[in-house]
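Have a look at the structure below before the remarks.
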Protein chains: 2
Amino acid sequence: MMKNPKRMFKDRVYEQLARIGKAVASPQRLELLDLLSQGPRTVENLAQEAHLTVANTSRHLQILRAARLVEAEKEGVFVRYRVADEAVADFFRSLRVLAASRLAELDQITRHFFKDRDALEPVDRQALLARVRKGLVTVLDVRPPEEYRSGHIAGAMSLPLHALQERLAELPRNQDIVAYCRGPYCVLAAQAVELLREHGFRAVRLEDGVTDWRAHGLPVARGDKAF
Amino acid sequence: MMKNPKRMFKDRVYEQLARIGKAVASPQRLELLDLLSQGPRTVENLAQEAHLTVANTSRHLQILRAARLVEAEKEGVFVRYRVADEAVADFFRSLRVLAASRLAELDQITRHFFKDRDALEPVDRQALLARVRKGLVTVLDVRPPEEYRSGHIAGAMSLPLHALQERLAELPRNQDIVAYCRGPYCVLAAQAVELLREHGFRAVRLEDGVTDWRAHGLPVARGDKAF
DNA sequence: CTACTATTCAATTAATTAATTGAATAGTAG
DNA sequence: CTACTATTCAATTAATTAATTGAATAGTAG
């Protein structure tokens, strides 16, 4: 039976919407989107971070590119990928937030992994921002510096985890330290808090990443400056 | 090589996130979610609306249910499905909005289908709301009444498309009429506007559905009353 | 121009997903 | 209890997706 025009229109519309859905139907592509939400990266770098072969990473990036979620630019022999628009990072975040609220298994996995690693205290974001502005608390961004430069919580200083051990002297001992990284499923900040506490600092972990901060309408800065 | 605990944790987290992605990777499931975002429906009703067999519809609903996006309750021999949480409807909308902004093909398909059917004028939502409150414009919800009752733009009256022809006398001729339905890819409102104009009414189509209205922080009412 | 680097592509194999069909299940009217 | 309704499940077939491997491509240093 010939489809009526309305039905054909509907089918085509949902096929288009499904292009986005299919792009995010793979754990590997979701991890790549998560990483790219923090800033641009090369294929080799992404492969390394996500524990994938370069060929497989490239394949997944082609799929994301076909769905217009990421873009690429050549830099010599390197190809640097980025999210095509901030809206893509926001979409990734909304998928993550929905999963967190709907899938008890995700909560269990996370609780089990982070147990005893840090004290996740409910942080009042506005209060934290106010205290940052008054210089009463130190907010540490423990991601790689390129991610910091791409966007960081306004007022945060960059102190990558791998450099933390030898730069402890730069940190104040008379005030609280709040460390953050890429979001609730990133372990960099938890490791940082662990190390800081071992050296007697008063440190807690902020679950938010930059996209969460921005989603709550809070200020995000770019470049090397804290604000 | 044995995976380190961090890598295993990451893999499990993204596998969980992918449960959501996989659930929305099918055009058919996206249509079902779109329909359910407007209000609860039975399997048979969904199958009819989406042009699927009952068995296939049921299969897709099991998949959405496994991802905790929809819930079901028995009513006699009928099973009525609903979105598990308003956040699911909001997520569907964010996927739709992202697709609209990223996929030129979707725009082309839509423009081609709606060409000449209605005048899509940019509607200032706040201004429209103010005019509704002053009684200067009539907002028509042309979806089925159950969808109206589940949630409608505050101030809208329910006048389902199939009943429009014989209820034209209820409509004012001395003021503008704004018709809406399920969102930018629903054709009910466009058809309503066409019919209204043929009978000399001043009518335009509002692209927004209820989830768009709510996403913009605008008031949504439930039940039979307009406000 | 050669030999390297990083990346992408194509072919292959394996795994997953989708629709159909008929059976099974659950609820209910008479 | 029977015969109906609506829905779900399982088996089957077909289509799609995913990872690997080796080849191909593009850029560049010397």
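Residue numbers begin at 1 in each chain, while the letters A, B, ... track the order of the sequences.
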If I take atom [atom1] in residue [X] and atom [atom2] in nucleotide [N], what distance separates them, rounded to the nearest angstrom?
X	N	atom1	atom2	answer
A:N56	C:dC9	CG	P	14 Å
B:L46	D:dT8	CG	C1'	15 Å
A:E75	D:dA26	CD	P	19 Å
B:L52	D:dT8	CG	P	14 Å
A:L32	C:dT7	CG	P	13 Å

Starting the side chain at C-beta, find the nucleotide from [options] nearest to [X].
X	options	value
B:T42	C:dT7, C:dA18, D:dT7	D:dT7
A:R29	C:dT7, D:dA18, D:dT7	D:dA18
A:A55	C:dT8, D:dT7, D:dA18	C:dT8
A:V77	C:dA6, D:dT8, C:dT8	C:dA6

Among B:Q48, B:E147, B:E146, exactly one meets side-chain hydrogen bond (donor to acceptor under 3.5 Å, both in side chains) together with B:R41. Which residue is that?
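Looking at B:Q48, B:E147, B:E146, the match for B:R41 under the side-chain hydrogen bond (donor to acceptor under 3.5 Å, both in side chains) is B:E147.
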Using a cut-off of less than 4.0 Å, is there contact between a side-chain N or O of [X] and OP1 or OP2 of [N]?
X	N	result
A:H60	D:dA19	yes
B:Q28	C:dA19	yes
B:Y81	D:dT8	yes
A:K74	D:dG27	no
B:T53	C:dT20	yes
B:R59	D:dA10	no

Pairing partner (Watson-Crick or G-U wobble, both distances under 3.5 angstrom) of D:dT28
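Across all strands, the one nucleotide that pairs with D:dT28 is C:dA3.
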Let's test this: given Watson-Crick or G-U wobble pairing with both distances under 3.5 Å, identify the partner of C:dG22.
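When the pairing criteria are applied, D:dC9 turns out to be the nucleotide that pairs with C:dG22.
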Please work out whether the ring planes of B:F113 and A:F9 are parallel, tilted or perpendicular, with thresholds of 30° and 60°.
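Taking A:F9 first and then B:F113, their aromatic rings lie parallel (interplane angle under 30°).
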Tell me whether B:R222 forms a cation-pi arrangement with B:Y148, defined as NZ or CZ under 6.0 Å from the six-membered ring centre and within 45 degrees of its axis.
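Because its charged atom misses either the 6.0 Å distance or the 45° angle limit, B:R222 does not stack over B:Y148.
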Toward the 5' end of DNA chain D, which comes first, A:G76 or B:Q62, by nearest nucleotide?
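Mapping each residue to its closest nucleotide by heavy atoms, the 5'-most match is B:Q62.
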Are A:Y180 and A:D141 close enough that a side-chain donor and a side-chain acceptor fall under 3.5 Å?
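Yes.
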Side-chain donor-acceptor pair present, B:Q108, B:R111, cut-off under 3.5 Å:
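Looking only at side-chain atoms, B:R111 and B:Q108 do not form any donor-acceptor pair under 3.5 Å.
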